[in-house]
Each structure stands twice: as structure tokens, then as C-alpha cells.
Amino acid sequence: MIRKVSQHVNQNEGLIFEKSSPGKKAYRLPPLDVPEVDPEKLLGDQTRQDLGLMPEVSEIEIIRHFTRLSTWNYAIDLGMYPLGSCTMKYNARVNEFVARLEGLGNSHPYQPEKISQGALRIIKTLSECLCEITGMDTITLQPAAGAHGEFTGILLIRAYHESRGNPRKKIIIPDSAHGTNPATAAICGYEIINLKSNSQGMVDASLLASIVDESVAGMMLTNPSTIGVFEKEIHRIADVLHNKGALLYMDGANMNALVGKTRPGDFGVDVMHLNLHKTFSTPHGGGGPGSGPVACKKILERFLPTPVLTTRTDGKLGFDYNRPQSIGRVRAFYGNFGMFVRALAYIFANGPDGLRQTTEDAVLNANYIRKKLEGIYELPYKTGSMHEVVFSDRLQTQNGVKTGDIAKRLVDYGFHPYTTSFPLIVPGALMIEPTESESKEELDLFIDAMKSIAQEVQDDPQLVISAPHNTRVARMDETSAARKPVLRWRPEPSAQTTASPKPELVETR
Amino acid sequence: MRYLPKSPADRELMLREIGVHSIDEFFQTIPEEYRLNRDLNVPRQMAESEIIDYFRERSQENAAGYAVFLGAGAYHHYRPVIIDALVQRGEFLTSYTPYQAEISQGTLQAIFEFQTMICELTGMDIANASMYDGSTGAAEAILMAMRVTGRAHSVIARTVHPEYREVIHTYLHHRGMPMTFVGYDHASGEVSLSELEKAVTDETACVLIQSPNFFGSIEEVAAVAEIAHRKGALLVVSIAEALSLGIVKPPAEADIVSLEAQSFGVPLGFGGPYDGVLAAKEKYVRQMPGRLVGETKDKNGKRGYVLTLSTREQHIRREKATSNICTNQALVALMSTIYMNVYGREGLKDLATQNLAKAHYAATQFGKKATVLFPKAKRFNEFVVQTTEDPHAASDRLLEKKIIGGFGLKKFYPELGHAALWCCTEMNTREQIDTAVQAVQA
């Protein structure tokens, strides 16, 4: 029985180009207060003649267009987003409000330091909070996203080894890791050693010990692991690496399970990234922007990207660019500052008690789901779950239904799917991370939906396999999308007359 | 805690149903010596009003209400209010990456429109669904050119944004990929074609230029393309001031364009988040990093959109992916999409022409008191002013009048002496320009 949603009318809407018509406008410029210029005179043959198919529409059409499109999206604001390893939590609106305050939202990155003290103070305060939360000594906020943070962190490890004479050759990555980990190690010039998980889905410290030698630069570890389990041998793992001079990198994607309860810096991690768009509630925005600060131990401080924040002798804050051993810049300016404002507002709204309660509620929610669904869906690893729980579709595949099908059927029940087919160590994985943002009522609706789908798999598997049934569009033909990619709109030949591009532009297509 | 939707009774009930006595049981897997048995030392929990007060105070310690003559990769343009009205709709703001196409058509169609408009503006065939920013986008474009050509050497103009060059250096040098930096012509400020000719060899994967370049000079893209193509190298053109595309000919001769779209409706925000985007010739699509949205049909034949060609990406290909990039800048790209709709085919041209007029007026006025460098340059909205005094001195005088002057170039181009890069957009009034000119001493 589908309780959470009912079907309702939503508006059809074409592409904005299909609404365009010459002479429509959504802007008016103020009168020019300097003498007019003739572009051709100033730019000569560099003058652009025409803007081709750029739309011409009115303001109401733009508002309706994007409002209609927005109603086709699922969102946290509509309901639970049980995406494992993505931490889709509530995005507080006060964060949006403060990020748009005039002096913060509209400040130029190159404005003089003396009129940037507010922004610098925010960077400093957030840095201090994140160091305290992770138990690390120092931090850079420059990386623009999690994978960019990984890149920065692995370059820090590389610079550390280089300073000792040799960058080393290999990075060890467990087979349960997110795809960005091996991709990052590869672009940093490292060979990847794939470490097989043990029967509990955890790092096998003895196996690790047998492969770590002086050619290993470090290990990238997600803790809790992607099956939502704390690596209880974490310190042994760190010791094994450190004994051979290798460093331990922690992927902080799952930090929402740890904040206020334990600190990576205390359990042997040398360097890690945080995803402000996961743990610290900055909005996902349909895929970004993110922000991926990298926190590390003192031994890596001198290699941090330039510039680093510093306090001048007069107490004023500023940037220090004189960092001879730095790995260099990883991004222009100072990173995604707007996300720093939001993350700090989140920390203030929580305080130490709220941060701890948040972690506890996230873990409570995952374990509640685990308890209610265990047996209905197979639980491949029985070790205690933290913030997420991973089931498999083994019971359902007996009726020909796979994790991806169950996920799509969830959509009909008014939920976003969980993460499917990941981690790779669980065949047919259902990876569920409810976060702290779900009430007991919403969790119960989710659990009912999952139980109901399991029953449907028994009674009418085709219903599940052909899901979703209640969405605007049905399952998309992804094969032909990839085989003959159509990556931009072009007018139908007959429509050419209304918006005919100039010859100069046609040549380039 | 006001974001948490559970009462103490709910928690008790849930623990009971799970069959545990206390929440601590779930944290038993953390070895005891690593459990944190104290409060984190972070500020205490605040009320919403206190949070706003805190950030208002910080905001006031920052420049607010100043006239800005800074550009240099971050541009002060008017942002129509409908941008924030639309991007703050929860369905855009709080949605995830659109992997589940059936319930993400809003984001997907908007990105498809974004990709189309970027193609139209840049003269390229394809565009991706955005990169972190212009600096990392330029670095990724070079790596892409290396994959296409199978070569490792890149030639980079010194007139590319200095911080972009620093980022590129970080991306390349640890892998031993050689870079040659090429100087500029002192009459035009454009990349030196003769130096470029010498630097490009059969080993060169690509030439990277910026246009308008860091000095504001518009590069002769066709001439640079010819030099690159003659040796089998690709041409990558970085564009930091997207609005220039409203009036400056697109770099159609390039193979890859790396655009920073911040000018299109994205707040200055002390440097980020912005939105980079890569556009390219169609034949290079399989080497493109980042997400791509494609049009397709659902099983009932209805038009719709999906993330496509994901076999290039890290979540499928792991260490063999084209890039480790995962996150894009979807919400920021949405700001730019809305902006491009507001101004559209005529407005971008009108607005760009206003920028041209303001900068031309300002450069002319500055030229009466000081030296405007690179007299032969064709410019959009930036120009370099050389003075006899250190620009910092003028800058201090201007700050007293609530004006933020040009960007001092000494750090990156010491050979130019007391020079500063000035930018004039539609936001700068004639009065501000006249005041600024007055404050600058010859």
C-alpha cells in the first residue's frame, strides 16, 4: 500500500529554446552614462556578429519554465533520501540566508585584506572547528569537492615522501572503496594495490601487513567503511603503515557516523578530507557545488596548498603565500567560500551537544531500518552498523528482481532510491543511509514501502521490474543515449527560419 | 536541537524496538581508547537569530557598498533577482546528482539547456555539465588534450591567469609533464606568436591561451590555432570573463574551450563557488571529463534526459577514468542558465557592449593621466594602467572614498613596474570612474 504519495497533475514544459521568439526580452539595462561606442571600431574583426540560438524569452516565461522543471525533481525537502554514502541531510535555510549577506556574498576575492577581515575570520573559525572535530592539527579549505580533496591529500602524501627523497610508487585501496579513490591515486601518478576485504567486509590487517613495504606511499581508507562498519583494527592498520613509513589517508565521506563520538586524528589518520556537502549540510544542489577541506597532521603542514591563513603581528588575519614546500595551488582564490559560511552556520546551530546528538540519531536511524528489514532483505555482513546499512538482493533475485528494480519501485512509493550496486564487495547491494534528518514516522513509511515491495517481488515480480509506474517519464533508454549521444539541442530543420544562425557559427558545428 | 525530528520518547521507543538499552551500544565497535568522552570544543548551540547576528557582524567587517574596479578572474555584474528566487526552490537546492532520471528531469533538462547555450556561445559542438571552476577546468582541459594526442608537453601563455597557471602546475608537475611558458607582445599584450612558434614542437599536446587574457587583451585565436595545429597540438582557450562572448567573436578555431561562467549570474562570494565548464569539438567527447547530459526517450517514446557516457567516469572506470572528478557545480550552472535566459540573444550583446563602452571610457580617462599599457590591444572590459607611484598608495586613497581600485600586478608581472589591472563593468558609474581616475597620480 502506497501511503506516502498520491499522484497529482504536473505541467508539461518544452525546452526554453522552443519558447524563444525574436524581440521577447527579460531584461532592461539602465541608460549608458558614458559615450556610446561602436564595437566594430574597437574590436574590428574580433567583433561577434550574432549569438545564434541563444533564447529570447520574457521574465514570466523564465519563472514558469524553471518552476515547472523544479517540480519534476525529487528533493530532501520532499522526503527521505536514503542514499548510502551520500549523507542527504536537511539543508537549513538560515545557511542560505547568511551566505547571501551583502558583505559576504558580494565580496571580491582580491579586495584588500583590511576590508576582508570578516571573510577571513569565517575561514579561521571554520578551520578551527573542523580541526577540533577531526582531531587534526591543521587544514586547508581550498579543495572544491571531495574528490578534489582526495587529490590534494594524496599530493600532500607525495610531497612528504619526496621531501624524504622518494615519492614512492603505490597506494593501497580496499576493494570496498568509492571509485574516486583509485581514480585519484592514478591521477597523482600512483600505482593502485587493491586490498581484498575479509569475510566481515573489513580491512584484513594481517593481509595488509604482508603487502606494505617501502614502495607503498600510503593507504586510502574509508572509515566507517562503505558497509557502514567501523574498522575496529584501525590503529593496527595505522601502525602497519607507519612502521614502513607509509601514511594513512581517510576518506571522510562517512564522517556523519563519527562527529562528536571519535576523532580520526586520535585513531592514527594522517590526512583526510571532509565533504561539507555531506556531513556539514551544505546543499547538494542537483550535483554540486561541494567543498572538500583537507585536514592533516603537523608533519604535512608545510606542504599545504598556498595560500594558508595566517594571523599578522597586529592581530589582523591575512594570507601567507610564501610557502616554498607547498604542493602549490589546487584552485584559484581560496575555495568554495560560500560553502564555508553554510557549514559554519550548521556547526553553530548544533553546538557540541547537537553535533553529538546528530551522529547518534543518524546511527539510531540506520540501525532501526536494519532491525526492521533484516530477514526481509539479506544482510550479508552482520557486524554492527553505524550510520548506514547494506543489504543484498539475494532473496529477491530468486524471483528475477534486482536491487536496481527495487530501487526504481521505491520511487512509486514516494522515496528516492537508496544507493544501488555499491559497494562492489556486496553483489546486488542496497546501501541505505537515512541520516539524522528523518523522523520515526518517515522511517516507518520507508520500512513499510520496502516490506511492501518485498511482498510484490513474491506476488508480482513484473510490477517491480517494470517500475517506476507513476513518474513523469518511465525508465529511459540509456543505451541509445550513450550510443548516439545528443548532448545539445538543435532546431528541427523546419524551425530554422525563426532562429537562423549566421554562417560564421554554422561552420563550427 | 531544532533540525532533529525526534522526541526523546521516539528515541526510547526506537531503541526498545531494536532491542538495545542505550545508544552507546552502537558505538561499541569503536575501540574504547578512541571514544571521545567529552564535548567537542566548538561554539555552543546558537539560536537562529544569534547565527544571523554573528554573520552580520562578519559581513560588516568585509567590504559592503564599495564600488569595485577589480576583475582578474572574478567579475562584478548585476544579478537579476529571479536567479536566487529560482535556485532556492527546494527541488533544485536540495536534490541529489540526477542519477535517477525518472525523478530528476528538472535538473537534467536545465543542464541540457546549459550545455546547449555554452555550445552556442563558445562555438563548440559539445559542453559538459560543469567543472569546479575556470582554474581546475583549464587543468583538466590540458589533461584531456594529452589523452587525445598521446603527448605530455604543454605550452602555456604567461597571459593566462597567474592562479590558473599555478593550479595547472600543481596538476602536471608531479607527474613529470613538462610545461613551457610563453611571453607576450609588449605592444598588444597578446601572446608572443614568435615565441610560441619556437615553443611548440612535435611533442606538444596543447597550447593554452586565455582570451580576453589576463591583461584584458583579446588574443588572435586563429593565428595561435594555426601554430598549434601545424605541429599536431590542440588549442585550448580559457575564458575567464564569460560576458566577453556577448560581443567578442567566439574561439571557434579552438579544440577545447575552458570557460569560467561566474560572470553569468554567480555572486563574487569571495572567490567561490563558481562554475567552470569545458566545451570541445565533438570528436573529443569520449575524452571529456565530468558529467554529460544527453537526450533520449523513455520506454513509451517520451523525450527525456539522462546522465550519459558515464563509462568515462570514476564510479564506473575507477583508476582508468578520464578524471577523478565526481561533484560538479550543478546549482551554480543553474544560476548561469537562468542568467543566460534573462539576457538572451540580444541582452548579452547589449550588456557586453555597455561593458565595452565603460571600459573604453575609463581607459581613455586613465590615459590622460597615466600610461595605459599595450596600446595596440583590442580589449573587452579590462586594461592595465601603469603609474609612477605604487598602485597600493592610490588604492588606499580610493578605499577612503569607498572605491576598490585595480589589481596590482607587481607580484605576478614585476617587469611591468607600478602597474594595475582595472576592470569596468556595467556596475561602474561614470562618477566612480572619474573619482578613481582622479585618485591615481601620474
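Not measured: the values here are computed from a predicted model. Per chain, numbering begins at 1; letters A, B, ... match sequence-line order. Side chains included, hydrogens not; waters and symmetry mates left out as well; all remaining heavy atoms used.
Taking OG of A:S107 as the reference point, atom CG of B:L70 lies at 11.0 Å (rounded to 0.5 Å). Between A:F267 atom CZ and B:R35 atom CZ the span is 13.0 Å, to the nearest 0.5 Å. A distance of 9.5 Å separates CD in A:E360 from CG in B:L15, rounded to the nearest 0.5 Å. Rounding to the nearest 0.5 Å gives a distance of 6.0 Å between CG of B:L348 and CG of A:L51. In this structure, CZ on B:R89 lies 7.0 Å from OG1 on A:T71, to the nearest 0.5 angstrom.
Scanning all heavy atoms of the two residues, the minimum distance from B:A101 to A:V473 falls at O-CG2, 4.4 Å. Contact between B:T94 and A:A75 at its shortest, heavy atoms only, is OG1-CB, 3.2 Å. The shortest non-hydrogen separation linking A:V37 to B:T353 is CG2-O, 4.2 Å. Shown here for A:C129 and B:P43, the closest heavy-atom pair between the two residues is SG-CD, 3.8 Å. Closest approach of A:P55 and B:M117 over heavy atoms only: CD-SD, 4.0 Å. Closest approach of A:V486 to B:F112, counting heavy atoms only: O-CE1, 3.4 Å.
Only the side chain of A:I192 has a heavy atom closer than 4.5 Å to any heavy atom of chain B. Heavy-atom distances place the side chain of A:Y81, and not its backbone, under 4.5 Å from chain B. Only the side chain of A:F97 comes within contact range of chain B, with at least one heavy atom under 4.5 Å from a heavy atom of that chain. Interface residue B:Y305: backbone and side-chain heavy atoms are both found under 4.5 Å from chain A. With a 4.5 Å cut-off on non-hydrogen atoms, A:H65 touches chain B through its side chain but not through its backbone. Looking at A:L355, only its side chain comes within 4.5 Å of chain B, counting heavy atoms on both sides. Only the backbone of A:E438 comes within contact range of chain B, judged by heavy atoms closer than 4.5 Å. Proximity to chain B is limited to the side chain of A:R356, based on heavy atoms less than 4.5 angstrom apart. Looking at B:R56, the atoms closer than 4.5 Å to chain A (heavy atoms on both sides) sit in the backbone and in the side chain alike. Proximity to chain A is limited to the side chain of B:Y361, based on heavy atoms less than 4.5 angstrom apart. Both the backbone and the side chain of B:V342 come within less than 4.5 Å of a heavy atom in chain A. Neither the backbone nor the side chain of A:V229 comes within contact range of chain B; no heavy atoms are under 4.5 Å apart. Looking at A:R331, both its backbone and its side chain come within 4.5 Å of chain B, counting heavy atoms on both sides. The parts of B:K299 that come within reach of chain A are both its backbone and its side chain, each placing non-hydrogen atoms under 4.5 angstrom from that chain. Interface remark: A:H277 contributes side-chain atoms only to the contact with chain B (heavy atom separation under 4.5 Å). In this structure, no portion of B:S310 lies under 4.5 Å from any heavy atom of chain A. Only the side chain of A:V411 comes within less than 4.5 Å of a heavy atom of chain B; its backbone N, CA, C and O stay farther away. Both the backbone and the side chain of A:Y110 come within contact range of chain B, with heavy atoms under 4.5 Å apart. For a residue to count as touching a neighbouring chain, one of its non-hydrogen atoms must lie under 4.5 Å from one of that chain's; by this rule B:L334 touches chain A with the side chain only. Interface remark: B:I52 contributes backbone and side-chain atoms alike to the contact with chain A (heavy atom separation under 4.5 Å). Interface remark: B:H174 contributes backbone and side-chain atoms alike to the contact with chain A (heavy atom separation under 4.5 Å). Contacts between B:I126 and chain A at a heavy-atom distance below 4.5 Å involve the side chain alone, from C-beta outward. For chain A, no part of B:E50 is nearby; none of its heavy atoms comes within less than 4.5 Å. Neither the backbone nor the side chain of A:A185 comes within contact range of chain B, judged by heavy atoms closer than 4.5 Å. Proximity to chain A (any heavy atom under 4.5 Å) is restricted, for B:I404, to the side chain, taken from C-beta onward. Contact annotation for B:Q60: neither backbone nor side-chain heavy atoms come within less than 4.5 Å of a heavy atom of chain A. Using a 4.5 Å cut-off between heavy atoms, B:T308 contacts chain A through its side chain alone, with no backbone atom that close.
If you tally non-hydrogen atom pairs under 4.5 Å between each of B:G344, B:G90, B:P273 and chain A, the highest count goes to B:P273. Among the candidates B:T97, B:L331, B:D298, the residue making the largest number of heavy-atom pairs closer than 4.5 Å to chain A is B:D298. Counting heavy-atom pairs under 4.5 Å between each of B:F27, B:Y3, B:F407 and chain A puts B:F27 at the top. Per-residue heavy-atom pair counts under 4.5 Å with chain A were compared for B:L399, B:I23, B:V306, and the maximum is reached by B:I23. When each of A:Y27, A:W72, A:F17 is scored by its heavy-atom pairs under 4.5 Å with chain B, the top score falls to A:Y27. Counting heavy-atom pairs closer than 4.5 Å to chain B, the top residue among A:G103, A:P305, A:P283, A:P30 is A:G103. Interface summary for chain A: among B:K349, B:M340, B:H169, B:H161, the most heavy-atom pairs under 4.5 angstrom belong to B:H161. If you tally non-hydrogen atom pairs under 4.5 Å between each of A:G260, A:P112, A:A407 and chain B, the highest count goes to A:G260.
For the pair B:E17 and A:K371, the salt-bridge criterion is not met [side-chain N within less than 4.0 Å of a carboxylate O]. A:K408 has a carboxylate O that lies under 4.0 Å from a charged side-chain N of B:E102, or vice versa, which qualifies the two as a salt bridge.
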Start with the C-alpha distance between B:T429 and A:D33, add both sets of side-chain angles, then the distance that settles side chain to side chain donor-acceptor pair (under 3.5 Å), and finish with yes or no.
-> CA-CA 7 Å; B:T429 63; A:D33 60 358; 4.9 Å; no

Full working for side chain to side chain contact (heavy atoms under 4.5 Å, CB included) between A:L53 and B:T116 = CA-CA 9 Å; A:L53 299 168; B:T116 304; 5.8 Å; no

Could you check A:Q111 against B:N62 for side chain to side chain contact (heavy atoms under 4.5 Å, CB included), going step by step and ending with a plain yes or no?
-> CA-CA 9 Å; A:Q111 67 191 27; B:N62 254 33; 3.8 Å; yes

Please walk me through it: do A:L364 and B:R11 pass side chain to side chain contact (heavy atoms under 4.5 Å, CB included)?
-> CA-CA 8 Å; A:L364 176 64; B:R11 292 189 181 100; 4.0 Å; yes

Do A:L29 and B:E426 pass the side chain to side chain contact (heavy atoms under 4.5 Å, CB included) test, and can you show the C-alpha distance, the side-chain angles, and the key distance before you say yes or no?
-> CA-CA 9 Å; A:L29 300 181; B:E426 76 280 8; 5.9 Å; no

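A donor atom on one side chain and an acceptor atom on the other are not found under 3.5 Å apart for B:T296 and A:D477.
At least one donor-acceptor pair closer than 3.5 Å links the side chain of A:N73 to the backbone N or O of B:E91.
Residues B:D133 and A:N336 are not in side-chain contact: their nearest non-hydrogen atoms beyond the backbone lie 4.5 Å or more apart.
Crowding of B:K6 atom NZ: a count of heavy atoms from other residues, nucleotides or ligands under 6.0 Å exceeding 12.
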